[in-house]
Asker: 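Please read through the structure below; I'll follow up with questions.
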Amino acid sequence: MFIGEIVEMKHRISIINKPIFVLLSICWIMVAGHSFGEIIHFQKSAYKGANQNWSVSTPLNGCIYFANHHGLVEFDGTSWKLYKLPNQPVIRAVYAISDSLIFTSGYMELGYWNRDKSGNLIYHSLSSKANRHFTRNIEFWNIAVNDSSVYFRSFNPVILEYTNDSIYAVELIGNPGVMNKVGDKILVAVGDVGIFEIKNHKANPFLTGEFFKSKQIRFLVSTENQKLLIGTSTHGIFEYDGNEISPWHPEWTKYFVDNELNRGFFADNRLILGSIKDGIVIFDEESGKISKYNAESGLGNNTVLGIETDSWGNIWTALDDGIGFISEHQEKSYQIEPLPGIGAIYSIAKLDNLLYLASNQGLFVKPENDNGGKFDFVAETQGQIWDCQVIGDQLVVNHNSGTYLVKGSAAHKIADFSGGLSITRDTKNPDLLIQGT
């Protein structure tokens with residue numbers, strides 16, 4: 001199956017796979033309902049691959065695909081599947097044109113997948129057509145596609161172009177750092193030289209000059225107003241309006257440099273930036289809202305190696321450790337709060353606008369609405385607490401050393417029976433409490 005069949009296949013697959021993403025939408029409620037509207041972190045135990053995911057691709061109304069260190073990972077909204085290459089090299093890049101035509105590339109290998117009659121993906125290597133252009137240990141790190149051709153980029157000064165079942169070598173004057181489709185153009189950034197457009201099997205200068213000296217370009221994207229954003233890991237982000245290059249949001253440049261920008265993706269008026277050290281930052285051009293998601297807020301890992309959005313505006317990230325999902329629905333249904341020094345939490349309770357946490361290290365308290373405040377230790381409660389609960393207007397704490405009543409931040413021991421596990425009202429005599437120890 002070759003690139004000339006793409007248009008017909010896109011239409012056919014978009015119809016076939018519409019029910020798949022209905023299942024996906026339901027899946028968030030069933031499997032991870034507490035995370036709906038925010039973040040889900042998928043670990044390798046879910047998708048059965050390696051920790052590292054290098055790239056992500058989301059065809060229209062289809063499955064989600066990841067270039068994983070162990071193979072091609074497919075997610076259909078309810079289940080994961082890992083496809084390994086015959087000689088099992090690392091896959092560095094994936095580009096899914098549809099659910100039945102998926103290009104991948106990696107270590108000494110490039111090719112495409114399509115489906116057999118049972119719906120399983122079958123791999124077709126293009127390396128025999130391309131290996132005359134291979135150098136020792138060559139790796140292809142990203143893929144770009146236009147209407148008639150597929151392009152594979154390594155760090156060598158050549159782009160391999162797949163057109164009409166043939167491989168062409170597009171020579172460059174330096175080593176490429178990144179390649180993206182921007183508008184209707186395939187653009188390649190060449191180190192210290194500038195940006196070139198790949199057209200008619202040649203690399204033609206698009207934007208060159210002294211500006212590009214000593215800048216490591218990590219992404220090229222077009223904004224809603226057709227301006228070109230040039231993202232670097234060393235100098236921040238720049239905007240090219242067709243006449244001049246200027247810094248983009250210079251007040252963020254230090255943050256971009258300190259956290260090493262690595263990926264950029266523009267969709268639905270949002271610029272989604274992935275870093276090496278601090279996860280995802282989203283700039284919404286229409287509302288002016290800025291959102292940030294990192295390991296502390298539930299992303300799972302701060303090193304973002306790939307970004308893409310699906311047909312519903314949800315964000316998928318290929319991470320150095322796992323896979324990240326950020327819902328398009330940003331209304332928070334929960335908040336993750338790191339609690340260093342508190343230990344393992346066994347029970348929580350609220351009384352008189354105070355929030356209590358019972359842990360293996362004691363009881364901690366803070367005002368319920370103090371979102372930024374820290375929990376304070378309640379004196380005399382050091383040690384394992386198994387349960388705390390409000391009964392009437394009193395907080396009863398079941399401690400390993402006995403039972404306490406707590407008022408505000410003061411604890412009073414009322415029983416010495418050790419190992420208090422739970423306590424409840426006597427159903428026949430509500431004035432009495434029954435405790436299990």
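Sequence positions, counted from 1, serve as the residue numbers for this chain.
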Asker: What is the distance from atom CZ of Phe155 to atom OG1 of Thr135, rounded to the nearest 0.5 Å?
Answerer: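 Those atoms lie 12.5 Å apart.
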Asker: What are the two closest non-hydrogen atoms of Tyr47 and Asn53, and how far apart are they?
Answerer: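 For Tyr47 versus Asn53, the nearest heavy atoms are OH-ND2, 3.1 Å.
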Asker: Report yes if the side chains of Val170 and Val188 come closer than 4.5 Å at any heavy-atom pair, otherwise no.
Answerer: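 Side-chain contact under 4.5 Å: no.
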Asker: Is there a donor-acceptor pair under 3.5 Å between the side chain of Ser347 and the backbone N or O of Cys388?
Answerer: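 Judged by distance alone, yes, a pair lies under 3.5 Å.
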Asker: Taking the side chain as everything from C-beta on, heavy atoms only, tell me whether Ile315 gets closer than 4.5 Å to Arg270.
Answerer: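 Counting from C-beta outward, Ile315 and Arg270 do come under 4.5 Å.
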Asker: Taking the side chain from Asn114 and the backbone from Leu101, do they hold a donor-acceptor pair closer than 3.5 Å?
Answerer: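 Between the backbone of Leu101 and the side chain of Asn114 there is no qualifying donor-acceptor contact (under 3.5 Å).
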Asker: Atom CG of residue position Asn137 - does it have more than 12 heavy atoms of other residues, nucleotides or ligands inside 6.0 Å?
Answerer: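 Enclosed.
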Asker: Which distance, rounded to the nearest 0.5 Å, do you find between the CD1 of Ile186 and the NZ of Lys199?
Answerer: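 It comes to 12.0 Å.
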Asker: To the nearest 0.5 angstrom, please state how far the CZ atom of Phe266 sits from the CZ atom of Phe219.
Answerer: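 Those atoms lie 11.5 Å apart.
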Asker: Give me the atom names and distance for the closest heavy-atom approach of Gly71 to Ile91.
Answerer: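 Reported closest heavy-atom pair: C-CD1, 3.5 Å.
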Asker: Measure up the Trp80 and Phe66 rings against each other and bin them: parallel (under 30°), tilted (30 to 60°), perpendicular (over 60°).
Answerer: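 Rings of Trp80 and Phe66: tilted, 30 to 60°.
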Asker: Evaluate the side-chain contact (heavy atoms from CB on, under 4.5 Å) criterion for residues Phe212 and Leu207: first the C-alpha distance (whole Å), next the side-chain angles of each, then the deciding distance (0.1 Å), finally the verdict.
Answerer: CA-CA 9 Å; Phe212 293 95; Leu207 183 62; 4.0 Å; yes
Asker: Looking at Asn294 and Glu296, would you say the former's side chain and the latter's main chain have a donor-acceptor pair under 3.5 Å?
Answerer: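 Checked: pair present.
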Asker: Are Phe238 and Trp248 close enough that their ring centres sit under 6.0 Å apart?
Answerer: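 Distance test on ring centres: not under 6.0 Å, no.
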Asker: Return the CG to CZ distance between Leu172 and Arg153, rounded to the nearest 0.5 Å.
Answerer: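 Between atom CG of Leu172 and atom CZ of Arg153 there are 10.5 Å.
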Asker: Is any side-chain heavy atom of Leu319 closer than 4.5 Å to one of Val304?
Answerer: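 They are in contact (side-chain heavy atoms under 4.5 Å apart), so the answer is yes.
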Asker: Is there a donor in the side chain of Tyr162 and an acceptor in the side chain of Asp165, or the other way round, less than 3.5 Å apart?
Answerer: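 Distance-only check passes for Tyr162 and Asp165.
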Asker: Kindly say whether Gly111 contributes a backbone atom to a donor-acceptor pair with the side chain of Tyr123 at under 3.5 angstrom?
Answerer: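 Answer holds: yes.
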Asker: Whether the Gln52 and Asp320 side chains hold a donor-acceptor pair (N or O, under 3.5 Å, no angle test) is what I'd like checked.
Answerer: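 Indeed, the side chains of Gln52 and Asp320 share at least one donor-acceptor pair under 3.5 Å.
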Asker: Without swapping roles, check the side chain of Asn142 against the backbone of Val178 for a donor-acceptor pair under 3.5 Å.
Answerer: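 Absent.
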Asker: Hey, does the side chain of Ser311 reach the backbone of Asn61 with a donor-acceptor pair shorter than 3.5 angstrom?
Answerer: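 Such a contact is found between Ser311 side chain and Asn61 backbone.
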Asker: What is the minimum heavy-atom distance between Val56 and Trp316, and which atoms define it?
Answerer: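 In terms of heavy atoms, the two residues are closest at CG1-O, 3.8 Å.
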Asker: Any side-chain heavy atom of Pro176 within less than 4.5 Å of one from Phe196?
Answerer: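 With C-beta onward as the side chain, the pair stays apart.
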Asker: Using 0.5 Å steps for rounding, measure from the NZ atom of Lys277 to the CG atom of Asn302.
Answerer: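 CG of Asn302 is found 11.0 Å from NZ of Lys277.
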Asker: In the structure I gave you, are the side-chain heavy atoms of Val150 and Ile143 within less than 4.5 Å of one another anywhere?
Answerer: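 In contact.
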Asker: Between Ser359 and Phe364, what is the shortest heavy-atom contact and its length?
Answerer: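 Distance-wise, the nearest heavy atoms are OG-CE1, 3.7 Å.
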Asker: Just say parallel, tilted or perpendicular for the rings of Tyr346 and Trp386, cut-offs at 30° and 60°.
Answerer: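 Correct class here is perpendicular.
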Asker: A quick test of your reading: do over 12 heavy atoms of other residues, nucleotides or ligands sit less than 6.0 Å from CD1 of Ile348?
Answerer: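 Open.
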Asker: Would Asp387 and Asn398 count as a side chain to side chain donor-acceptor pair (under 3.5 Å) here? Give the steps.
Answerer: CA-CA 5 Å; Asp387 177 66; Asn398 294 284; 3.1 Å; yes
Asker: Take Leu271 and Thr223 through the test side-chain contact (heavy atoms from CB on, under 4.5 Å) and record every step on the way to the result.
Answerer: CA-CA 8 Å; Leu271 178 63; Thr223 64; over 6 Å; no
Asker: Using every non-hydrogen atom in the two residues, find where Ser148 and Thr163 come nearest and quote the distance to one decimal.
Answerer: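 Taking every non-hydrogen atom into account, O-CG2, 3.8 Å.
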Asker: Under 4.0 Å between a side-chain nitrogen and a carboxylate oxygen: does that hold for Glu239 and Lys227?
Answerer: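 Here Glu239 pairs with Lys227 in a salt bridge, since their nearest N and O are under 4.0 Å apart.
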Asker: Between the side chains of Gln216 and Ser233, does any donor sit under 3.5 Å from an acceptor?
Answerer: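 Result is yes, a qualifying pair exists.
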Asker: Minimum heavy-atom separation for Glu109 to Ser125, with atom names?
Answerer: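 What the structure gives for the nearest pair is OE2-OG, 2.5 Å.
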Asker: Is there a donor-acceptor pair closer than 3.5 Å between any side-chain N or O of Asp241 and the backbone N or O of Glu244?
Answerer: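 Between the backbone of Glu244 and the side chain of Asp241 there is a qualifying donor-acceptor contact (under 3.5 Å).
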Asker: Donor-acceptor pair, distance only, cut-off 3.5 Å: does the side chain of Glu197 make one with the backbone of Phe206?
Answerer: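 No.
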Asker: Checking side-chain contact (heavy atoms from CB on, under 4.5 Å) between Leu273 and each of Ile307, Asn262, Ile237, Ile282, which is the one that passes?
Answerer: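 Answer after filtering Ile307, Asn262, Ile237, Ile282: Ile237.
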Asker: Counting the benzene-type ring for Trp, do Phe140 and Phe134 have ring centres under 6.0 Å apart?
Answerer: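 Yes - the distance between ring centres of Phe140 and Phe134 falls below the 6.0 Å cut-off.
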Asker: Side-chain contact, heavy-atom cut-off 4.5 Å: Glu308 with Ser57?
Answerer: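 Sidechains of Ser57 and Glu308: in contact.
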Asker: Quick one: do Tyr255 and Asp278 satisfy side-chain contact (heavy atoms from CB on, under 4.5 Å)? Show the steps, please.
Answerer: CA-CA 10 Å; Tyr255 172 84; Asp278 197 31; 2.6 Å; yes
Asker: Could you walk me through whether Leu228 and Ser222 pass the side-chain contact (heavy atoms from CB on, under 4.5 Å) check?
Answerer: CA-CA 5 Å; Leu228 175 66; Ser222 178; 5.5 Å; no
Asker: For the residue pair Asn164 / Ser166, report whether a side-chain donor-acceptor contact shorter than 3.5 Å exists.
Answerer: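 Result is no, nothing qualifies.
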Asker: Is the backbone of Ser214 close enough, under 3.5 Å, to the side chain of Asp192 for a donor and an acceptor to pair up by distance?
Answerer: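 Yes: the side chain of Asp192 pairs with the backbone of Ser214.
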Asker: Just wondering, do Val94 and Ile102 contact through their side chains at under 4.5 Å, heavy atoms?
Answerer: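 The answer is yes, as the side chains (C-beta and beyond) meet within the 4.5 Å cut-off.
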Asker: Under the 3.5 angstrom rule, does the side chain of Asn146 hit a backbone N or O of Ser149 as a donor-acceptor pair?
Answerer: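 Yes; at least one donor-acceptor contact below 3.5 Å.
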Asker: At what distance, to the nearest 0.5 angstrom, does NE2 of His69 lie from CG of Asn51?
Answerer: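 Output value for this atom pair is 10.0 Å.
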Asker: Do the charged groups of Asp76 and Lys81 touch, with an N to O distance under 4.0 Å?
Answerer: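 Looking at Lys81 together with Asp76, the answer is no, because their closest N to O distance does not fall below 4.0 Å.
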Asker: Taking the side chain as C-beta and beyond, is there a heavy-atom pair between Met108 and Ile138 under 4.5 Å?
Answerer: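 Of all side-chain heavy-atom pairs linking Ile138 with Met108, at least one is under 4.5 Å.
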